[in-house]
Amino acid sequence: MKNVPEPYRIKMVEPIRLINREEREQKLVEADYNVFALRAEDVFIDLLTDSGTGAMSDAQWGAMMMGDESYAGSRSYYRLIDVCQKIFGHQYISPAHQGRGAENVLFPLLIKEGQVVVGNMHFDTTKAHIELKGGHAVNCIVEKAYDTSDGSPFKGDMDLEQLERLVKQHGPGQIAFILITVTCNSAGGQPVSMANIRAVKAVADRFGIRLFLDAARFAENAYFIKQREAGYADKNISDIVHEMFSYADGFTMSAKKDGLVNIGGLIGIREDETLANLVRANLVPTEGFPTYGGLAGRDLEALARGLVEVLDEHYLAARIGQVAYLGNLLLAAGIPIQQPVGGHAVFVDAGTFLPHLPSEQFPAQALTIELYREAGVRGVEIGSFLLGRDPVTGEQLVSPLEFLRLTIPRRTYTDNHMRYVAESLINIFQQRDRVRGVRIVEEPPVLRHFTAKLELIS
Ligand SMILES: *Cc1c(COP(=O)(O)O)cnc(C)c1O
């Protein structure tokens, strides 16, 4: 399945506009060189995130008109539950308004003060919710995940030896649960193999620990398994998804990714009825009554269809293929990127791209700014600017990697847009010694990257 065109055509368009270079300069000044402060309408191609930014199908838009907005027991809820039970094989399903809502409901039921949650690499809101419940989020991913030039097929796998060591070190009773993120977002959208999920499940069973999935990109992970793992080439995506979830006691999901919707989330519990009842009880004061979970009936309808559409192998081939296409254009021009390219984004190694900028001048932020100035394209920094300061000493931490992340929304941009992004970056690459570093002039105490103000270093 090489070069498969998108299995859809376009029936509605949304204009985007490239403002001129002087205007872009002005917008950068007004935004204090923080791209989070730009107005989206001043962005030509927006690669900030793949979360909630995808395009829905005609079937999803049509279904929204059929939303049953009853407060309790709506038809749309039952339709969603039915679809989820079939796809995931978990008996108890609850909607939530998005992934972090699901985490907020489930995690207090699983974590006791001081317990550890071991994961491959925790997503940032996930880590925050574990810590809010008094737990410690510990990463336990294979070493090669940190090597951007290592071409291994499953760089999201958990390190099994380290997992056992952690369990023995803390004692199984101190491990609240194990959480596998598929694909591993924080490691660059790298997939987790079925063999690894199965092996983690065996460790979990041996020590009587529960295993959950953080399943935002479950279908993209299944596609990688089909492409890369022995024994799966002839299986269909649904069967692979079913097997992945069969090893888990439950899951949380941000449906804003592979749910192919703009808002939504899910909690699944495979068979533990007591836990499922506690989830429903916890939903009421937080997300809403258990049959709507913070979503409108029409949102439940759109999600019920999105979850089916995302399993289409032709869709996944075009989706993963488009991300790889952008990565390959950059590689061919000698631009350093994380390899292999993950499922939802291309990570440009800005530290290597801009060798004249030390980490305290935030090379990836400098490149993010330059890409907007050059082309009106918005990416996002994943490096020392995002990492922030040591909470105790206040010292700036040094990220081992300085990335510009180009995150591709689903079914939204064409390969032509990708070519424009690549050409713009190649242009910058050819005169990269001119790119100036940045310093922070004002920052809030936590999560500073969203609102900090910056200036160029002359
Ligand atoms: C996006 C995401 C979340 C959080 O979901 P939201 O819908 O943004 O609240 C959690 N885990 C992973 C892996 C994610 O990608």
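For the single chain, residues carry numbers from 1 onward in sequence order. Note that ligands are numbered from 1 as they come in the structure, with each ligand's atoms numbered from 1 the same way.
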His90 and Phe245 aromatic ring geometry - parallel, tilted or perpendicular at 30°/60° bounds
perpendicular
- Is there a donor-acceptor pair under 3.5 Å between the side chain of Thr291 and the backbone N or O of Gly73? yes
In ligand 1, the atoms that come under 4.0 Å of a heavy atom of Thr181 are 13 (C)
| said: For Lys133 and Asn104, which I'm curious about, is there any donor-acceptor pair between the side chains at under 3.5 Å? | reply: yes
Atom 7 (O) of ligand 1 has as its nearest protein heavy atom Ser254 OG, 2.6 Å
Quick look: Thr126 vs ligand 1, heavy-atom contacts under 4.0 Å, and the answer is side chain
For Glu103, the ligand 1 atoms with a heavy-atom partner under 4.0 Å come out as 10 (C)
Is a side-chain N or O of Asn262 found less than 3.5 angstrom from the main chain of Gly54, in a donor-acceptor match?
-> yes
Is Glu309 salt-bridged to Arg305, going by a charged N under 4.0 Å from an acidic O?
no
The protein heavy atom nearest to atom 2 (C) of ligand 1 is Lys257 NZ, 2.5 Å
closest protein heavy atom to atom 10 (C) of ligand 1 is Phe123 CD2, 3.2 Å
Review point. Is the closest basic N to carboxylate O distance between Glu164 and Arg206 below 4.0 Å?
Key: yes
Using 4.0 Å as the upper bound for N to carboxylate O, is an ion pair formed by Asp147 and Lys155?
no
So is Arg217 polar-close to ligand 1, meaning N/O to N/O under 3.5 Å? yes
the protein heavy atom lying closest to atom 6 (P) of ligand 1 turns out to be Gln98 NE2, 3.3 Å
Practice prompt. May I ask you to check whether Gly99 has an N/O atom sitting below 3.5 Å from an N/O atom of ligand 1?
Written response: yes
The answer for which part of Arg100 has a heavy atom under 4.0 Å from ligand 1 is both
closest protein heavy atom to atom 11 (N) of ligand 1 is Asp214 OD2, 2.8 Å
_Regarding ligand 1, does Lys256 bring an N or O atom to under 3.5 Å of one of the ligand's N or O atoms?_
no
Q. Is the closest basic N to carboxylate O distance between Glu6 and Arg411 below 4.0 Å?
A. no
